[in-house]
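Encoded as structure tokens, the structure appears first; notes follow it.
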Amino acid sequence: MHIAVYCGSVSGNQEIYTEKAALFGRWMAEQGHVLIYGGAQGGLMGAVSNAVLENGGKVIGVLPAVKSIQKRRHPGLTEYIETKDMAERKAKMIELADAYIALPGGPGTLDELSDIISLQRLHINENPCILYDIDGFYQPLKAFFEEMQSSGFAAKEDFNRLLISKDLSEIEAFIQ
């Protein structure tokens with residue numbers, strides 16, 4: 001399965017983020033999943049991609065033709081796809097993936113997640129989306145989704161293809 005992974009190009013301030021990102025990358029390779037991601041070599045992106053590569057997996061990096069972003073490109077990518085800008089990059093990653101998994105990250109990760117959830121809500125994309133809830137990182141966002149529902153801005157059904165979990169076995173079952 002081709003999985004688009006969204007996460008920080010930095011590591012955050014908790015060592016557990018990097019540890020679990022590496023564990024996640026190893027899990028992806030062991031399951032035979034192909035990593036599709038933003039192509040960076042640093043942060044959680046680097047931890048995931050390095051673990052996939054070290055365990056014999058395939059890594060596809062999708063990067064826009066932006067000099068500052070190109071400087072961060074992972075040198076060991078199995079495949080590299082260049083896009084003209086970030087919007088095209090997001091669309092390409094969505095197109096290539098059978099599932100979407102987010103690890104901790106910043107505004108870019110949130111932006112990418114919002115696109116996926118919006119497409120699911122409109123039934124444009126039915127692929128599963130998972131928030132890998134390392135150390136409770138996604139609990140505030142879960143509460144926000146619940147607030148959207150209780151305030152009448154979203155229905156429970158809008159989140160049927162979304163899983164928030166810290167358990168890789170549960171994640172594997174959900175994407176299958």
Side-chain angles (χ1 to χ4, degrees), residues 1-83 86 88-113 115-116 127-138 141 162-176:
M1 179 172 289
H2 287 68
I3 299 176
V5 173
Y6 306 112
C7 60
S9 62
V10 297
S11 298
N13 60 10
Q14 303 292 325
E15 182 61 32
I16 193 167
Y17 299 148
T18 302
E19 291 170 7
K20 292 290 187 172
L23 175 73
F24 177 77
R26 185 170 55 249
W27 170 82
M28 281 197 64
E30 289 170 353
Q31 298 300 315
H33 299 309
V34 174
L35 170 63
I36 300 165
Y37 83 120
Q41 62 181 321
L44 299 187
M45 285 187 182
V48 172
S49 59
N50 288 337
V52 171
L53 291 166
E54 289 165 7
N55 288 278
K58 183 177 179 184
V59 173
I60 300 171
V62 183
L63 291 95
V66 176
K67 194 175 204 175
S68 62
I69 296 173
Q70 287 289 326
K71 288 181 187 179
R72 300 185 220 164
R73 183 168 73 181
H74 194 295
L77 298 172
T78 310
E79 184 179 338
Y80 164 64
I81 298 171
E82 185 173 290
T83 62
M86 290 296 285
E88 187 178 299
R89 171 192 174 206
K90 287 194 305 181
K92 181 53 107 174
M93 289 176 68
I94 290 169
E95 172 193 326
L96 293 173
D98 304 306
Y100 314 95
I101 300 180
L103 281 66
T109 302
L110 183 59
D111 174 52
E112 291 160 325
L113 279 175
D115 275 358
I116 298 299
N127 294 341
C129 180
I130 295 98
L131 308 184
Y132 184 29
D133 195 26
I134 298 170
D135 201 33
F137 183 83
Y138 281 112
L141 188 56
L162 177 71
L163 173 71
I164 301 172
S165 178
K166 61 182 178 179
D167 183 291
L168 291 175
S169 296
E170 183 179 23
I171 290 170
E172 180 65 30
F174 190 76
I175 64 175
Q176 295 303 328

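If you read the sequence from its start, that first residue is 1, and numbering goes on from there.
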- Message: Set out, in order, the CA-CA distance, both residues' side-chain angles and the distance that settles side-chain contact (heavy atoms from CB on, under 4.5 Å) for M86 and D111, then state yes or no.
- Response: CA-CA 11 Å; M86 290 296 285; D111 174 52; over 6 Å; no
- Should Q14 and I134 count as side-chain neighbours, where that means a heavy-atom distance under 4.5 Å? no
- Hey, are the side chains of N55 and R26 touching, using non-hydrogen atoms and a 4.5 Å cut-off? yes
- Query: Does V5 reach the side chain of F24, with side-chain heavy atoms less than 4.5 Å apart?
  - Reply: yes
- Query: Which heavy atom of K90 sits nearest a heavy atom of E112, and at what distance?
  - Reply: CD-CG, 3.8 Å
- Item | Heavy-atom closest contact (Y100 atom, M93 atom, distance) | CE2-O, 4.3 Å
- How about L96 and I81: do any of their side-chain heavy atoms sit closer than 4.5 Å? yes
- Message: If you compare all heavy atoms of P64 against all heavy atoms of R89, which two are closest, and at what distance to 0.1 Å?
- Response: CD-CD, 3.7 Å
- Give a yes or no answer on whether the side chain of N127 reaches the backbone of A97 with a donor-acceptor pair at less than 3.5 Å. yes
Which donor-acceptor pairs under 3.5 Å do the side chains of residues 45-54 make with protein atoms, sequence neighbours left out?
residue	atom	partner	partner atom	Å
S49	OG	Y37	OH	3.2
S49	OG	M45	O	2.9
S49	OG	G46	O	3.3
N50	OD1	H74	NE2	2.6
N50	ND2	G46	O	3.1

- Message: With rounding to the nearest 0.5 angstrom, report the CE to CG distance, M28 to L168.
- Response: 11.0 Å
- Quick one: list whatever passes salt bridge (Lys or Arg N to Asp or Glu O under 4.0 Å) with E79, sequence neighbours left out. K58
- Task: Drop me the distance from E30's CD to L23's CG, to the nearest 0.5 angstrom.
- Result: 8.5 Å
- Note on the structure: Taken in chain and number order and not counting sequence neighbours, the residues that satisfy ring pair (Phe, Tyr, Trp, His ring centres under 6.0 Å) with Y6 are none
- Query: Looking only at heavy atoms, which two atoms of F174 and P128 are closest? And how far apart?
  - Reply: CE2-CB, 3.6 Å
- Task: Could you point out which residue of I101, L162, L103 forms a side chain to side chain contact (heavy atoms under 4.5 Å, CB included) with I130?
- Result: I101
- Task: Can you measure from CD (E95) to CD (E88) and round to the nearest 0.5 angstrom?
- Result: 9.5 Å
- Student check: side-chain heavy atoms of H2 and I60 closer than 4.5 Å: yes
- Note on the structure: Applying side-chain contact (heavy atoms from CB on, under 4.5 Å) to E172 and not counting sequence neighbours gives W27, Q31, H33, I175, Q176
- How far does OG1 of T83 sit from CG of L63, to the nearest 0.5 angstrom? 7.5 Å
- NZ/K166 to CD1/I171 distance, rounded to the nearest 0.5 angstrom? 11.5 Å
- Of all residues at least two apart in sequence or in a different chain, which pass the side-chain contact (heavy atoms from CB on, under 4.5 Å) check with S11? T18
- Taking the side chain as every heavy atom from C-beta outward, state whether P104 and L44 have any pair of such atoms under 4.5 Å apart. yes
- Message: If the condition is side-chain contact (heavy atoms from CB on, under 4.5 Å), which residues does Y138 pass it with, not counting sequence neighbours?
- Response: A102, T109, L113, L131, D133, L141, I164
- Message: Measuring from atom CG of L163 to atom CD of E170, what distance do you get when rounded to the nearest 0.5 angstrom?
- Response: 5.0 Å
